[in-house]
Asker: 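Structure in structure tokens, see below.
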Protein chains: 2
Amino acid sequence: MPPIKMKNAAKPARRSTEDGEAASKPRPQTRIQREKQDIILDAALGVFSVHGFRGATIDQIADAAGMSKPNLLYYFPRKEEIHKQLITKMLATWLAPLREMDETGDPIPEIRSYIRRKLEMARDFPRESRLFANEMLQGAPRIYDILAGELRELVDDKADVLLRWMDEGKISRADPYHLIFSIWATTQHYADFDVQVRAVLGKDRGGDGRFEDAARFLETLFMTGLSPKKA
Amino acid sequence: MPPIKMKNAAKPARRSTEDGEAASKPRPQTRIQREKQDIILDAALGVFSVHGFRGATIDQIADAAGMSKPNLLYYFPRKEEIHKQLITKMLATWLAPLREMDETGDPIPEIRSYIRRKLEMARDFPRESRLFANEMLQGAPRIYDILAGELRELVDDKADVLLRWMDEGKISRADPYHLIFSIWATTQHYADFDVQVRAVLGKDRGGDGRFEDAARFLETLFMTGLSPKKA
DNA sequence: AACGTTTTTTTCCAACTGGTCAAATTTCTG
DNA sequence: CAGAAATTTGACCAGTTGGAAAAAAACGTT
């Protein structure tokens with residue numbers, strides 16, 4: 001006579017779904033749980049960033065994470081849960097540089113270093129950039145609220161700072177919102193359209209140096225534009 | 001006793017698969033065929049541009065085209081066929097503006113009008129832009145050859161033109177490849193990241209005027225940059 | 001070693017996927 | 001209008017997909 005098993009003991013404390021409210025006991029979360037979750041998130045980032053939410057399959061992710069599908073589902077009971085967690089984590093990282101733009105600093109260096117940081121992120125976290133891009137292309141169904149809320153407030157805030165700098169004559173007058181857009185666009189381009197950039201630059205110029213070339217170019221573009229300086 | 005039918009008469013002349021070689025007779029192609037194919041391509045553009053190749057389903061496309069799946073498959077026997085045709089058509093449209101940049105023209109107006117045209121395309125053909133973006137994010141598996149071939153040659157060509165203009169002192173010196181990238185990035189941003197642009201600009205500023213604002217801003221950016229002109 | 005707990009694997013399923021096939025219907029041409 | 005060709009539909013299929021359930025294995029504690 002086999003011993004009586006309790007059906008499906010305690011599932012790992014998943015704080016993923018924001019728990020509604022007062023979760024009686026948060027459940028400690030073991031070391032293995034954290035490790036595996038990290039592995040899964042990393043694998044999922046690779047898959048989601050390439051194929052988008054719909055195009056990605058749990059099998060692909062499980063495969064990339066080196067575990068079976070049911071095993072993966074033990075840690076993240078739904079596909080959406082993984083995606084949501086990735087998006088949340090990514091957004092925080094993604095907006096950090098803009099937050100750091102300091103209104104008490106020197107305008108030109110501040111902008112310059114914002115551009116540099118964004119470009120570094122495109123270089124160091126291309127998958128995060130593509131995950132975000134994919135979400136945008138689909139109409140941001142899962143993060144629209146954040147865009148229209150938190151993000152908008154942040155941009156409004158920084159746009160004000162930029163306007164003030166313009167009023168003080170520290171930088172030339174231009175639409176601050178579109179200025180921010182143009183920084184986003186030019187830098188993220190090197191992550192999102194990386195294949196194209198490499199293909200066009202070719203083997204010789206498309207190597208590791210391309211980010212430095214880009215940095216130099218963007219410096220020129222944003223600082224002085226294309227009009228030739230008349231001697 | 002039902003009359004004997006010939007099994008599956010003549011399928012519509014599909015020149016899609018490039019027919020190997022000497023296709024005996026191209027088959028005229030009826031009016032209905034052209035119409036339906038257009039409807040399908042239009043519907044497919046909408047679906048592929050949002051979900052990417054993997055994420056899009058034939059059912060979705062058939063639905064959007066207002067016909068049954070087998071009916072759609074009658075015109076395009078494979079999903080890939082539809083996608084390939086869309087990509088090909090789109091690439092031609094997409095590169096036209098760059099082709100039109102005239103080396104015998106006045107440099108500054110030429111660049112200015114290239115930017116304007118690209119921005120108009122982002123406004124008028126956002127789905128095409130997103131289709132392209134989706135393909136890029138996935139690593140361009142279906143068009144890499146074109147990127148590294150035709151596109152690269154075109155860009156090399158125009159980069160030479162830009163360099164010449166720089167040598168002549170008509171525009172300031174900067175990496176011509178990254179200059180082209182930055183024009184692509186800033187203009188396509190308004191198609192690919194449209195949701196974000198709208199969300200950040202809000203109801204009032206995010207309306208139809210946003211493209212004019214963008215045009216004005218890009219004009220400033222590319223012409224004079226951000227450094228304040230010292231009086 | 002013996003226990004409960006956590007993790008993993010095996011098996012399974014219903015819905016969806018891209019695609020086929022033959023029959024039914026519509027359209028075109030004389 | 002008849003007959004052939006073109007178009008559309010309905011039934012179907014094998015493979016994939018997200019996910020459930022339960023048993024098996026591994027782990028941690030005493």
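Below, chain A is the first sequence line, B the second, and so on; all start at residue 1.
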Asker: Write out a two-atom table: protein N or O, nucleotide N or O from nucleotides 9-15 of chain C, distance below 3.5 Å.
Answerer:
none

Asker: Kindly give the heavy-atom pair with the smallest separation between B/K158 and B/R99, and that separation in Å.
Answerer: NZ-O, 3.2 Å

Asker: Taking atom C1' of D/dT8 as reference, at what distance in whole Å does atom CD1 of B/I40 sit?
Answerer: 12 Å

Asker: A/I39 CD1 to C/dT7 P: how many Å, rounded?
Answerer: 13 Å

Asker: Report the nucleotide, chosen from D/dA6, D/dT17, D/dA20, that has the shortest atom-to-atom distance to any side-chain atom of B/Q33.
Answerer: D/dA6

Asker: OP1 or OP2 of D/dG19 versus the side-chain N and O atoms of A/R78: is any pair under 4.0 Å?
Answerer: yes

Asker: For A/E80 and D/dT17, give me the distance from atom CD to atom C1', rounded to whole Å.
Answerer: 15 Å

Asker: Quick one: bend of the helix from C/dA1-D/dT30 to C/dG30-D/dC1 from 5 pairs per end, to 10°?
Answerer: 20°

Asker: Could you tell me whether the side chain of B/T93 and the main chain of B/K89 form a donor-acceptor pair under 3.5 Å?
Answerer: yes

Asker: Would the distance check show the side chain of B/K36 and the main-chain N or O of B/A65 forming a donor-acceptor pair, the cut-off being under 3.5 Å?
Answerer: no

Asker: Does A/R54 place a side-chain N or O at less than 4.0 Å from the phosphate oxygens OP1/OP2 of C/dT17?
Answerer: yes

Asker: Is there any side chain to side chain donor-acceptor pair (under 3.5 Å) pair reaching into residues 197-215 of chain A, and which pairs are they, with sequence neighbours excluded?
Answerer: A/D194-A/R198, A/D194-A/R210, A/R205-B/D175, A/D213-A/R216

Asker: Would you kindly give the CG-to-P distance between B/D59 and C/dG18, to the nearest whole Å?
Answerer: 7 Å

Asker: With respect to the phosphate group of D/dA6, does any side-chain polar atom (N or O) of B/K36 fall under 4.0 Å of OP1 or OP2?
Answerer: no

Asker: Return the value, rounded to whole Å, for the distance between atom CZ of A/F76 and atom P of D/dA20.
Answerer: 16 Å

Asker: Do any N or O atoms from the side chain of B/E128 and from the backbone of B/W94 form a donor-acceptor pair under 3.5 angstrom?
Answerer: no

Asker: Could you give the CG-to-P distance, from A/D63 to D/dG18, as a whole number of Å?
Answerer: 13 Å

Asker: Once you apply a heavy-atom cut-off of 4.0 Å, does B/A56 come out as touching a base, just sugar-phosphate, or nothing?
Answerer: sugar-phosphate

Asker: To the nearest angstrom, how far is B/I58 atom CD1 from C/dG19 atom C1'?
Answerer: 7 Å

Asker: B/K118 side chain to B/T186 main-chain N or O, any donor-acceptor pair under 3.5 Å?
Answerer: no

Asker: Mark yes or no for whether A/E110, through its side chain, and A/D102, through its backbone, hold a donor-acceptor pair below 3.5 Å.
Answerer: yes

Asker: Has B/E80 got more than 12 heavy atoms of other residues, nucleotides or ligands less than 6.0 Å from its CD?
Answerer: no

Asker: Rounded off to whole Å, could you give me the NE2-to-P distance for the A/H83 and D/dG19 pair?
Answerer: 13 Å

Asker: Give the nucleotide from the list C/dT17, D/dT17, D/dG19 with an atom nearest to the side chain of A/L73.
Answerer: D/dG19

Asker: Taking A/G55's backbone N and O only, do any of them form a donor-acceptor pair with B/R54's side chain (distance below 3.5 Å, no angle check)?
Answerer: yes

